[in-house]
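Being a predicted model, the structure only gives us computed values, none of them experimental. Starting from 1, each residue takes its place in the sequence as its number. Order of listing sets the numbers, starting from 1, for every ligand and every atom in it.
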Amino acid sequence: MISSDRIEKITKASIDLLKKNRRQADGFCYTAPALESYPHQWLWDSCFHAIVLSHFDISIAKAEMKSLVAEQFDNGMIPHMIYWEGVKETFVHIDWGKDKTSSITQPPMLAYAVWQIFNQDKDAEFLESMYRPMYHFYRYLLSERDPRQNHLVGLINPDESGEDNSPRFDKLLDLPPRHSLAENTRRRFELFDKNKGCKFDAPFCMKNFFWVKDVPFNAIMVRNLELLALIAETLGNNEDALIWREEKDLIVKAMAERMKEDGLYWSTYGPDYKKIKVMTWAIFSVLFGGLPDKDEADKLVEEHLLNPAEFFTTYPISSTSQTEAAYDPEGFWRGPTWISINWFVVQGLCDYGFYDLAEELTDKSLALIEGSGFREYFSSKTGQGLGARDFTWGTLVIDMIERLRE
Ligand code: GLC
């Protein structure tokens, strides 16, 4: 049991941090992941913020989501970054051929965040206002990102996964397991340029430059489509609900057919679905999507999650398995511990009834923040805080604690 004293402290610190990082711009309101290094609005970050804010500041949670959809593209895509006016430029402010936004997307956590907000106050007006942008966004992903209608959503750039330099993408960037972040960034920028050259035409980009069907992105899609169906139902639109469920089932089936091998799901690349057999936390993301049956989930947890030689490091879980040549406990997305990853895993563990383990992981996530502050990520070996300071993702611990109380 996590003591009430610890819960009180982290709640207060989280409220303070989310307030401190809040930005008002052009009549909109969002939370910067970190004021210094990440001052803009990011897609999955905003969903994380809204999930946490839903517990104590519902109107700000709604404002965050409304800002997020304000710059939706005509084709339905929601960009992964919005450069709101008056925010200073940093190294992350890349030219994507647009004035105000990026031209790629990020894991589609919108329906999850919106549904969680709705469940707090049952505000049907808010639900209604979010349904249209979500409708077009998920439709975009299901069509533009799946031109051959094989029911898996494709990425055109590693950054769309939210795990920019994950070793899952090394092979496609023609990089060896060990290389510098600068080298990785250089390759990703070359790809941005190619993407830009064809105006981010997704089917063209995927066919010609980079075509990854990523496990976490698709598992997140599955979970969100189920929630979108619930949202549609709540709004009295049973026809849409049926369609979203059908789409979800098709992705579940396609993931089993194209990604699964010996009980594990692997991201794939290219038109013929070659598997990328690099062990990262992605193998656990399917728990969040509800994909494995109970036996498969047991095996996954026993053999891999709890394996101290793979993911259960001193400060679990490492984003990349220690068995990988690419593993680096301090190397951005190549092995450190991230609170968002632990959040996804904790949700999945709770869904499958692994409450003790979910609590242990929540406790360990909280201890990281207590020991090192709200850092961007943590060494999975020593727990040392790394990357940005006053970084918001640590506040997700609040939601983990809430989930355990259910
Ligand atoms: C980094 C992360 C990405 C996140 C962004 C803002 O680029 O890799 O997932 O959205 O920072 O926090």
Side-chain angles (χ1 to χ4, degrees), residues 17-18 20-23 30-52 64-65 67-68 71 77-84 87-94 96 101-110 112-113 155-170 173 181-182 184-189 191-192 212 214-217 219-220 280-282 285 288 318-320 326 328 330-344 373-378 385-396:
L17 178 64
L18 292 175
K20 186 174 148 215
N21 287 14
R22 190 168 307 150
R23 283 280 161 265
Y30 72 98
T31 315
L35 286 180
E36 280 303 311
S37 34
Y38 302 111
H40 312 289
Q41 180 165 18
W42 268 265
L43 193 158
W44 75 339
D45 301 64
S46 270
C47 297
F48 297 151
H49 302 149
I51 288 166
V52 180
E64 179 104 28
M65 294 310 290
S67 299
L68 180 59
E71 295 296 323
M77 197 188 82
I78 295 184
H80 92 306
M81 286 174 78
I82 305 177
Y83 305 132
W84 290 108
V87 176
K88 70 172 183 183
E89 292 198 6
T90 61
F91 70 97
V92 290
H93 192 140
I94 301 167
W96 303 85
T101 68
S102 74
S103 298
I104 58 167
T105 193
Q106 247 186 354
M109 282 294 292
L110 279 85
Y112 189 103
L155 306 185
I156 63 167
N157 193 290
D159 288 50
E160 294 198 306
S161 71
E163 301 167 61
D164 316 353
N165 65 324
S166 162
R168 292 203 295 287
F169 310 117
D170 287 354
L173 297 176
L181 184 58
N184 192 290
T185 307
R186 200 173 65 76
R187 290 293 163 93
R188 282 175 17 246
F189 274 60
L191 185 56
F192 291 147
V212 169
D214 207 24
V215 173
F217 200 106
I220 287 170
T280 68
W281 84 278
S285 66
F288 183 74
S318 60
S319 40
T320 298
D328 174 356
E330 301 182 4
F332 211 50
W333 284 103
R334 306 180 71 81
T337 304
W338 293 75
I339 305 296
S340 61
I341 299 305
N342 284 3
W343 178 85
F344 280 112
F374 285 113
R375 297 299 296 268
E376 188 176 2
Y377 53 99
F378 304 85
L386 299 160
R389 289 169 197 278
D390 283 348
F391 188 75
T392 51
W393 293 8
T395 63
L396 280 168

Over 60° means perpendicular and under 30° means parallel, so classify the ring planes of Phe48 and Phe344, tilted if in between.
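Phe344 vs Phe48 ring planes: perpendicular.
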
Sub-4.0 Å heavy-atom contact, Gln106 with ligand 1
yes

Name the option, out of Pro158, Ala388, Gly162, Pro33, that contains the heavy atom nearest to atom 3 (C) of ligand 1.
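The residue whose heavy atom sits nearest atom 3 (C) of ligand 1 is Gly162.
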
Which heavy atom of Pro107 sits nearest a heavy atom of Gly162, and at what distance?
CD-N, 4.1 Å

Any N/O of [X] closer than 3.5 Å to an N/O of ligand 1?
X      : value
Glu163 : no
Glu376 : no
Phe332 : no

Residues passing the side chain to side chain donor-acceptor pair (under 3.5 Å) test with Asp159, sequence neighbours excluded, are Arg188

Report the residues that fulfil side chain to side chain donor-acceptor pair (under 3.5 Å) with Asp170, sequence neighbours left out, ordered by chain and then residue number.
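Testing Asp170 for side chain to side chain donor-acceptor pair (under 3.5 Å), a comparison that skips the adjacent residues, returns Arg334.
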
Min side-chain heavy-atom separation Phe378-Leu386 under 4.5 Å
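No, every pair of side-chain atoms sits at 4.5 Å or beyond.
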
Pull out every atom of ligand 1 sitting under 4.0 Å from any heavy atom of Phe391, numbered as shown with elements.
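In order of number, 12 (O).
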
